[in-house]
There are 2 protein chains.
Amino acid sequence: MAGRARGTSAGLDRARIAAAAVALIDRDGLERFGVRPLAGALGVDPMSIYHHVKGKAALLDAASEAVLGEVAELAVTTTTTAQHDPSGWQELARNIAHAYRDMAYRHPRVFPLLVTRAQTSPVAVSALESLVAAMRRDGLPDRVVADAPMVLFGFLNGHLLARTAEGQTAVPAFDPQTHPAMAALAPGWSDFGSDAELDRMLDIVLAGLAGS
Amino acid sequence: MAGRARGTSAGLDRARIAAAAVALIDRDGLERFGVRPLAGALGVDPMSIYHHVKGKAALLDAASEAVLGEVAELAVTTTTTAQHDPSGWQELARNIAHAYRDMAYRHPRVFPLLVTRAQTSPVAVSALESLVAAMRRDGLPDRVVADAPMVLFGFLNGHLLARTAEGQTAVPAFDPQTHPAMAALAPGWSDFGSDAELDRMLDIVLAGLAGS
DNA sequence: CACGAAGACCTACAGCGTAGGTTTCGCCAG
DNA sequence: CTGGCGAAACCTACGCTGTAGGTCTTCGTG
């Protein structure tokens, strides 16, 4: 299987390694991910990976970069194929949020990586540029526009992190005796994790931005 | 130093272990944390820890539980010592958010743990109970009240995670040629990570909840 | 044709989580 | 007072991890 002579090329590069890392994390989870399993999946010696990636931390950087790249592609195609120009900042914000959400659900086990890392990649700032430009065009005050990206992605990161966390697929029941208000609200949590739920919360956040 | 006879008690229990784990993570970071260093800090054999905690995952659970306990204490004292009754849901929400923020800044390296775990501990639900009760008392529609905790903590978790992440202490500069809108907003990001910044964003989120 | 860089493999090491076994102490029943 | 028993600690050992350092082969270039 790994019958390659010692000096022959294995065709490794950062992109191929990152893609394999994402696939492996998707399948086995972050916990089990490591250099040796990855090398096995690539049919390669573990140390060969270190010729393209500095270390395990850089490996995780590459993986999160790769999935972030996906959302950029999706956001672009969604925007360009829309019938009408999404000039309104709220529609644009919704498109970006949906693309981001789709990525998170496609790679739930990679998503935690993304959230912990600084997002200064070119694709990320391009998306933000178009959003803040639209907001200014629509007359929102600069103070609000400056806060908007962090409010929006703060919410998205936190919410999607909770939704993609392993094992929590529903809100637990509450005792009406000790927690009457929570128990009364239980019906409102029946669509836990649904797209409609996120859209509703997104509306709340966007309303806050619009009204400030 | 570790001169204890084999069967003598080391006075271990879950609380002491959790406290030591939090201290160790605060000092050395999650990456370096492990059973053996923890045992060293406690002056104990690594395997002794397993008599009180099932495994490393449970160890991390205990640590996040411990810091969450802190925020509950703080929120209670803040509320009870306030001059006037914080009956308005917005003030209560701000108190809870500030207590949560203080905890995150006190234990920036433990905070990521907290965010990934389900928060169904009694102290957490008690805080939420008082918040949603106040919101209903103030006449907000149940639909909004049901979404409120997840919107609020989604935002807080995501934002504080970004703020407590290692190494990102400022927003980078943007090229006015390629990203004019972002460059124009740069002055608005000068208070990155400050309390005022979080309060502003919190106002935006609360405004969204109030206006929905 | 020589040679140096690039890219792959191999070896080795310290440290990890933890399963399983052993030792000792303190308590309580008889 | 004593016997036994469970709790709590320690010890050993195993398979795994990330990665430093060295070796080998091939390919592009002078």
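Each chain gets a letter, A, B and so on, in the order its sequence line appears, and its residues count up from 1.
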Find the distance [X]:[atom1] to [N]:[atom2] and express it as a whole number of Å.
| X | N | atom1 | atom2 | answer |
| --- | --- | --- | --- | --- |
| A:His51 | C:dA5 | NE2 | C1' | 12 Å |
| B:Leu12 | C:dC25 | CG | P | 17 Å |
| B:Met47 | D:dC14 | CE | P | 15 Å |
| B:Leu59 | C:dC16 | CG | P | 13 Å |
| B:Leu42 | D:dC10 | CG | C1' | 15 Å |
| A:Leu38 | D:dC16 | CG | P | 17 Å |
| B:Glu31 | C:dC16 | CD | C1' | 13 Å |
| B:Arg32 | D:dG18 | CZ | P | 15 Å |

Sole residue of B:Asp195, B:Asp203, B:Asp199 in salt bridge (charged side-chain N to carboxylate O under 4.0 Å, His left out) with B:Arg94:
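The single option meeting the salt bridge (charged side-chain N to carboxylate O under 4.0 Å, His left out) with B:Arg94 is B:Asp203.
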
Tell me every residue that passes side-chain hydrogen bond (donor to acceptor under 3.5 Å, both in side chains) with A:His107, counting only those two or more places apart in sequence or in another chain.
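By the side-chain hydrogen bond (donor to acceptor under 3.5 Å, both in side chains) rule, A:His107 matches A:Asp26, A:Glu70.
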
Please confirm whether A:Tyr100 and A:Phe153 have ring centers closer than 6.0 angstrom.
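Aromatic pair counts; centres sit under 6.0 Å.
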
Please pick, from [options], the nucleotide with the shortest atom-to-atom distance to any side-chain atom of [X].
| X | options | answer |
| --- | --- | --- |
| A:His52 | C:dA8, D:dA9, C:dC16 | C:dA8 |
| B:Asp45 | C:dA8, D:dC10, C:dC10 | D:dC10 |
| B:Lys56 | D:dG18, C:dC9, C:dT18 | C:dT18 |

Atom CZ of A:Arg143: over 12 foreign heavy atoms under 6.0 Å
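Check passes, neighbour count above 12.
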
Suppose we call a contact any N or O donor and acceptor under 3.5 Å apart; does that hold for the side chain of A:Arg36 and the base of D:dT19?
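Pair found.
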
On DNA chain D, does the nearest nucleotide to A:Ala57 precede the nearest nucleotide to B:Pro46 from the 5' side, or the other way round? Give the residue.
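First, find each residue's nearest nucleotide; the 5'-ward one identifies B:Pro46.
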
Considering just the side-chain nitrogens and oxygens of A:Ser48, establish if one lies under 4.0 Å of OP1 or OP2 belonging to C:dG7.
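No, A:Ser48 has no side-chain N/O under 4.0 Å of OP1/OP2 on C:dG7.
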
Between B:Trp89 and B:Arg136, is there a side-chain heavy-atom distance shorter than 4.5 Å?
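Not in contact.
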
